[in-house]
Amino acid sequence: MKSLKFIIMLSCFFFVGKVFSQDHSEKIDALAEQLKFKSSISLELKKESVDVLDTIANILKTTSYTYNIESHSGMIGKDSDNLIKTQKRAIIIKKALVKRGINPSRLNAVGFGETSPKTSMPNTRGRSWNERIEIIKKE
C-alpha cells in the first residue's frame, strides 16, 4: 500500500511540475482523472484520492476562477439512480475541496448521471472512462 501511495504522490508531483497554461486547466484535468471511488456504486473515495484532492486544492488556491465539479457515471444501473449517485459524488468532491480551504462560492457541483459518456464501449475499460470526475473552469 505504501508503494501505491508513493506512485500516486509521484504522479501528482509530475503533473504539478509540468508547464501548463496560466489557468492550470490541463493540470487540474489530469489530476481529476485520478479521483476514484471505492466501487461503481460507492460514495466513498479511495484512499489514494485524498492526496490528489490535496494537490488540486493547492492549485485552486493559486487561481481566482470558479469551477464546475462534474460527476459522470457508466451506463450500468437505472438512469435515475446514476443521476442521484453522480450528484452526490460531485457534492462529496466539493465538500472535500472546501474542507481544504477553497471558497464554496467558487465551486459548482453537478451530477450528469450517464448523459455524457466519453465512449460507448460496453466493457470494463469503457465503463471506467465514463465513470469520472471532471473539474472544469467556468468561462
Side-chain angles (χ1 to χ4, degrees):
M1 189 54 131
K2 284 187 176 187
S3 63
L4 179 59
K5 188 173 182 179
F6 175 75
I7 290 170
I8 290 174
M9 286 176 53
L10 190 59
S11 296
C12 290
F13 289 127
F14 172 78
F15 287 119
V16 170
K18 286 188 121 189
V19 176
F20 290 98
S21 65
Q22 194 68 11
D23 67 6
H24 304 288
S25 294
E26 295 98 347
K27 192 184 313 182
I28 294 168
D29 287 344
L31 288 165
E33 287 179 14
Q34 297 178 44
L35 294 173
K36 302 293 179 194
F37 288 82
K38 288 191 172 185
S39 73
S40 63
I41 60 171
S42 177
L43 294 176
E44 187 177 348
L45 283 165
K46 288 185 174 182
K47 289 185 190 283
E48 52 267 21
S49 292
V50 173
D51 292 329
V52 176
L53 280 168
D54 291 340
T55 304
I56 292 171
N58 287 334
I59 294 168
L60 294 180
K61 288 175 185 176
T62 68
T63 74
S64 59
Y65 299 108
T66 57
Y67 294 87
N68 279 338
I69 299 168
E70 300 181 357
S71 178
H72 303 270
S73 73
M75 293 182 250
I76 293 180
K78 294 192 322 190
D79 293 355
S80 58
D81 292 342
N82 284 333
L83 181 60
I84 291 167
K85 175 184 71 174
T86 58
Q87 289 169 338
K88 288 179 179 179
R89 284 181 169 184
I91 291 168
I92 288 167
I93 298 298
K94 177 179 177 174
K95 286 181 178 179
L97 291 170
V98 168
K99 182 179 175 183
R100 288 163 173 79
I102 305 303
N103 186 326
S105 68
R106 294 182 53 211
L107 304 171
N108 182 41
V110 183
F112 285 93
E114 54 191 69
T115 61
S116 298
K118 274 190 163 182
T119 180
S120 60
M121 292 176 14
N123 59 19
T124 304
R125 178 177 284 179
R127 284 192 299 272
S128 70
W129 283 342
N130 290 332
E131 188 132 337
R132 67 196 186 278
I133 299 290
E134 296 178 323
I135 300 175
I136 300 172
K137 183 183 83 165
K138 291 169 85 173
E139 297 296 329

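Heavy atoms only: backbone and side chains are in, while hydrogens, waters and symmetry mates are out. All residue numbers in this chain count up from 1 along the given sequence.
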Q: State whether a side-chain donor-acceptor pair under 3.5 Å links H72 with E131.
A: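 Short answer, no.
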
Interatomic distance, [X] atom [atom1] to [Y] atom [atom2] [nearest 0.5 angstrom]:
X   : Y    : atom1 : atom2 : answer
S49 : L31  : OG    : CG    : 11.0 Å
L45 : I92  : CG    : CD1   : 6.5 Å
Y67 : L97  : OH    : CG    : 11.0 Å
E70 : N108 : CD    : CG    : 9.0 Å
L35 : E48  : CG    : CD    : 10.5 Å
S42 : K88  : OG    : NZ    : 12.0 Å

Would you say [Y] ends up clustered with [X] if hydrophobic residues are merged whenever their side chains have heavy atoms under 4.5 Å apart, either directly or through other cluster members?
X    : Y    : result
L83  : I133 : no
I136 : I102 : no
Y65  : I135 : yes
I91  : V110 : no

Q: Sequence neighbours left out, what pairs pass side chain to side chain donor-acceptor pair (under 3.5 Å) with at least one residue falling in residues 93-107?
A: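 Every pair satisfying side chain to side chain donor-acceptor pair (under 3.5 Å) with a residue in residues 93-107: D54-R100, T63-R106, N103-S105.
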
(Q) Could you walk me through whether I56 and I93 satisfy the side-chain contact (heavy atoms from CB on, under 4.5 Å) test, starting with their C-alpha distance in whole Å, then the side-chain angles of each, then the deciding distance to 0.1 Å, before giving a yes or no? (A) CA-CA 11 Å; I56 292 171; I93 298 298; over 6 Å; no

Q: Considering only NZ, NE, NH1 and NH2 on the basic side and carboxylate oxygens on the acidic side, decide whether E44 and R89 come within less than 4.0 Å.
A: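 Looking at E44 and R89, the cut-off is not met.
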
Cut-off 3.5 Å, no hydrogens considered: what does the side-chain donor-acceptor table look like for residues 75-82, sequence neighbours left out?
from	atom 1	to	atom 2	distance (Å)
N82	ND2	G74	O	3.4
N82	ND2	I76	O	3.1
N82	ND2	E114	OE1	2.5

Q: Step through the shown structure and confirm whether more than 12 heavy atoms of other residues, nucleotides or ligands are within 6.0 Å of CG on L43.
A: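 Yes, CG of L43 has more than 12 neighbouring heavy atoms, counting only those of other groups under 6.0 Å.
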
**Q.** K85 vs S73, side-chain contact (heavy atoms from CB on, under 4.5 Å): CA-CA, chis, key distance, verdict
**A.** CA-CA 8 Å; K85 175 184 71 174; S73 73; 3.9 Å; yes

Q.
Less than 4.5 Å apart, side chain to side chain, heavy atoms only: is that true for I28 and L60?
A.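 Side chain of I28 against side chain of L60, heavy atoms only: contact under 4.5 Å found.
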
